[in-house]
2 protein chains.
Amino acid sequence: MAPPASNTREKLLMAAMELFTTRGYEATSIADILERSGVNSGSLYYFFDSKQDLLLSGLDYFKTLLYPIVMQPNFEAESDPIERIFAVLAWYRRNLVLCNLDYECPMGKLALEVGRHLEAAREKIAINFAAWREHIRQCLDDAGNRLPRDLDRATLATFVMTVMEGALMQARTHRDLSFYDQSVQHLRSYFSQLQAQAAAQIRRLPRRKRTNTT
Amino acid sequence: MAPPASNTREKLLMAAMELFTTRGYEATSIADILERSGVNSGSLYYFFDSKQDLLLSGLDYFKTLLYPIVMQPNFEAESDPIERIFAVLAWYRRNLVLCNLDYECPMGKLALEVGRHLEAAREKIAINFAAWREHIRQCLDDAGNRLPRDLDRATLATFVMTVMEGALMQARTHRDLSFYDQSVQHLRSYFSQLQAQAAAQIRRLPRRKRTNTT
DNA sequence: GTCTATAACTCGATAGAC
DNA sequence: GTCTATCGAGTTATAGAC
């Protein structure tokens with residue numbers, strides 16, 4: 001958790017995670033990381049015990065980037081809590097386009113490759129997942145009575161993540177953006193239906209105030 | 001496509017795919033495959049040109065197993081077309097339980113690891129994905145007017161696959177079945193809403209006219 | 001903290017007898 | 001078709017000078 005205050009260390013973390021989350025952990029050699037970071041072998045093993053240690057530190061590093069890189073820009077661009085969620089999903093779509101459809105959720109990619117082989121990595125990936133979902137759940141909480149009263153916000157946040165991960169996987173594999181859009185569109189339909197249910201609940205039990213629908 | 005009529009070849013394909021889809025392609029060595037199959041190096045390279053060739057042949061092999069292993073048993077156990085889809089999702093849940101929550105969709109796992117590194121592999125994985133979706137789409141077609149008239153069955157099939165892949169990923173990473181169940185439950189809710197919409201369409205136009213609300 | 005050189009090992013793939 | 005022995009390249013990690 002303590003920031004290293006070393007440029008070399010951060011260069012290594014950045015280079016390693018870029019490679020691990022795109023090429024894969026096993027497919028990335030130490031030599032690849034040294035080349036990309038412009039650092040020598042001796043320095044790497046001065047800061048990190050092993051390739052595994054580099055991965056684990058990188059997963060901690062990624063967690064610190066989640067809010068400022070993924071969430072904050074989209075939350076600032078959109079004030080409506082429900083639209084914030086779809087803004088995040090549009091951000092992933094943009095990455096897909098920018099990477100010529102060769103993009104995956106970095107955590108999702110590592111989750112499948114090393115998620116159960118290395119228990120320490122699994123825990124850290126799970127923490128990243130949980131943080132992502134927590135931000136989405138906060139949006140759902142902020143939506144207040146625009147969603148059904150008895151709807152569990154946490155499980156809906158899980159569902160949003162499910163859709164993001166599954167949709168990216170198919171779009172990348174088919175090299176076809178429409179697979180992503182189709183899934184997000186169905187999620188949007190589901191949200192519309194939930195919002196309609198919530199509106200009906202409010203009409204049915206207006207708390208002495210006037211009912212107002214969206 | 002022509003069956004090899006060789007026991008050794010099939011033993012190699014089976015062993016290789018079991019390892020590739022669980023440990024991963026890069027993490028599996030030729031030595032691992034030889035050990036598991038009980039075959040020697042010379043025989044492997046008699047039947048296959050390389051590790052890559054073994055993967056590509058394995059992906060073809062997997063395609064032939066999709067219907068008899070994954071779909072048919074569930075379709076036979078359940079006659080209702082919509083319930084057939086949820087029976088398939090329950091089958092994946094069962095795998096998750098049987099593997100102590102260390103289970104992933106074999107194709108999803110390979111899609112993320114080698115899906116874009118090897119173009120030939122990507123194509124074959126996409127073919128497997130398409131076949132899976134096609135079976136689901138057939139169920140949706142069979143549901144007829146129990147789903148809304150203007151609903152695109154193909155995109156809904158994509159959405160079903162999206163949910164399966166994303167839900168498995170989270171359940172495995174968290175080692176917690178409830179992440180799978182939560183996502184499937186939301187998919188079930190979505191289906192219920194769609195079925196309600198379809199029922200309303202039918203009531204509205206039974207054969208003549210009728211008042212409509214909503 | 002950083003550098004070069006290299007140890008120790010595993011990898012995919014091959015050779016050639018049978 | 002199957003076997004054993006092994007090659008050469010590439011792997012992670014270390015040693016020791018600076």
Side-chain angles (χ1 to χ4, degrees), chain A residues 2-61 110 113-114 117-121 124, chain B residues 2-61 109-110 113-115 117-121 124:
Chain A
S6 157
N7 191 21
T8 300
R9 199 188 119 101
E10 196 140 342
K11 274 197 289 189
L12 283 165
L13 282 176
M14 188 66 117
M17 286 307 277
E18 280 177 12
L19 291 167
F20 289 162
T21 60
T22 52
R23 288 190 207 176
Y25 176 73
E26 293 284 348
T28 298
S29 71
I30 299 286
D32 294 332
I33 297 168
L34 298 177
E35 188 186 18
R36 170 172 279 242
S37 60
V39 168
N40 293 97
S41 165
S43 296
L44 189 153
Y45 285 98
Y46 173 78
F47 288 107
F48 303 98
D49 291 341
S50 63
K51 188 182 174 184
Q52 271 192 30
D53 183 35
L54 186 50
L55 170 66
L56 296 177
S57 302
L59 291 170
D60 289 336
Y61 179 59
L110 287 178
E113 187 188 354
V114 300
H117 182 198
L118 289 171
E119 170 60 15
K124 290 180 187 294
Chain B
S6 157
N7 190 21
T8 301
R9 199 187 120 102
E10 197 141 341
K11 274 197 289 189
L12 284 164
L13 281 176
M14 189 66 120
M17 286 307 278
E18 279 177 12
L19 292 166
F20 289 162
T21 60
T22 52
R23 289 191 205 175
Y25 177 72
E26 293 285 346
T28 298
S29 71
I30 298 287
D32 294 332
I33 297 168
L34 298 178
E35 186 186 18
R36 171 172 278 243
S37 60
V39 169
N40 293 97
S41 166
S43 296
L44 189 153
Y45 286 99
Y46 173 80
F47 287 108
F48 303 99
D49 291 342
S50 63
K51 189 181 175 185
Q52 270 192 30
D53 183 34
L54 187 49
L55 171 65
L56 297 178
S57 302
L59 290 171
D60 289 336
Y61 179 59
K109 168 118 177 149
L110 287 177
E113 187 187 355
V114 300
H117 182 199
L118 289 171
E119 170 60 15
K124 288 178 189 297

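Residue numbering restarts at 1 for every chain, and letters A, B, ... go by the order of the sequence lines. Every value quoted in this text rests on a predicted model; they were computed, and no experiment measured them.
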> If you restrict it to nitrogen or oxygen atoms, what contacts under 3.5 Å exist between nucleotides 10-12 of chain D and the protein, and what is each distance?
| from | atom 1 | to | atom 2 | distance (Å) |
| --- | --- | --- | --- | --- |
| D/dT12 | OP1 | A/Ile30 | N | 3.4 |
| D/dT12 | OP1 | A/Lys51 | NZ | 3.2 |
| D/dT12 | OP2 | A/Ile30 | N | 2.8 |

> Would you verify whether the NZ or CZ of A/Lys51 falls within 45 degrees of the ring axis of A/Tyr25 while also being under 6.0 Å from that six-membered ring's centre?
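The answer is yes; both the distance and angle limits are met.
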
> May I ask you to check whether A/Asp32 and A/Ser29 show a side-chain donor-acceptor distance below 3.5 Å?
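The criterion, which ignores hydrogens and geometry beyond distance, is satisfied for A/Ser29 and A/Asp32.
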
> If I compare all heavy atoms of A/Arg23 with all of A/Thr28, which pair ends up nearest, and what's the gap?
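The answer is CB-OG1, 3.7 Å.
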
> Quick check: closest heavy atoms across B/Ser50 and B/Tyr45, and the distance to 0.1 Å?
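Nearest pair, atom of B/Ser50 first, then B/Tyr45: CA-CE2, 4.1 Å.
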
> Measure from CG on A/Leu12 to C1' on C/dT2 and round the result to the nearest Å.
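Answer to the nearest Å: 12 Å.
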
> Please give, in whole Å, the distance from D/dA13 P to A/Phe48 CZ?
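Whole-Å distance recorded here is 13 Å.
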
> Under the 3.5 angstrom rule, does the side chain of B/Glu113 hit a backbone N or O of A/Glu113 as a donor-acceptor pair?
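Not a single qualifying donor-acceptor pair exists.
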
> Any donor and acceptor pair, going by atom type alone, linking the side chain of B/Lys124 with main-chain N or O of B/Asp60 inside 3.5 Å?
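No; zero donor-acceptor contacts below 3.5 Å.
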
> Go through DNA chain C and write down every stem, that is, every run of at least three consecutive Watson-Crick or G-U wobble pairs with distances under 3.5 Å, as range with range.
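DNA chain C forms these stems: C:1-18 with D:1-18.
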
> If you measure from NZ on B/Lys11 to CG on B/Leu44, what distance do you get to the nearest 0.5 Å?
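CG of B/Leu44 is found 12.5 Å from NZ of B/Lys11.
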
> Kindly state which residues belonging to residues 33-43 of chain A come within less than 4.0 angstrom of DNA chain C, counting heavy atoms of the residue only, listed by number.
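The answer is A/Asn40, A/Ser41, A/Gly42, A/Ser43.
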
> If I take atom OH in residue B/Tyr46 and atom C1' in nucleotide C/dA13, what distance separates them, rounded to the nearest angstrom?
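Roughly 18 Å, once rounded to whole Å.
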
> What is the distance, to the nearest angstrom, from the CG atom on A/Asn7 to the C1' atom on C/dT2?
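Rounded to whole Å, this separation is 14 Å.
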
> Looking at A/Phe47 and A/Asp53, what are the two nearest heavy atoms and their distance?
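Heavy-atom minimum between the residues: O-OD2, 4.5 Å.
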
> Between OG of A/Ser41 and OH of A/Tyr46, what distance do you get to the nearest 0.5 Å?
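One finds 15.0 Å between OG of A/Ser41 and OH of A/Tyr46.
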
> Looking only at non-hydrogen atoms, find the nearest pair between A/Ser37 and A/Leu12 and report the distance.
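Smallest heavy-atom distance, with atoms named: OG-CD2, 3.6 Å.
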
> Output the rounded distance in Å from CG (B/Asp49) to P (C/dA13).
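These atoms are roughly 9 Å apart.
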
> Can you name the nearest heavy-atom pair linking B/Leu55 to B/Ala121, along with the distance?
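Nearest heavy atoms, B/Leu55 then B/Ala121: CD2-CB, 4.2 Å.
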
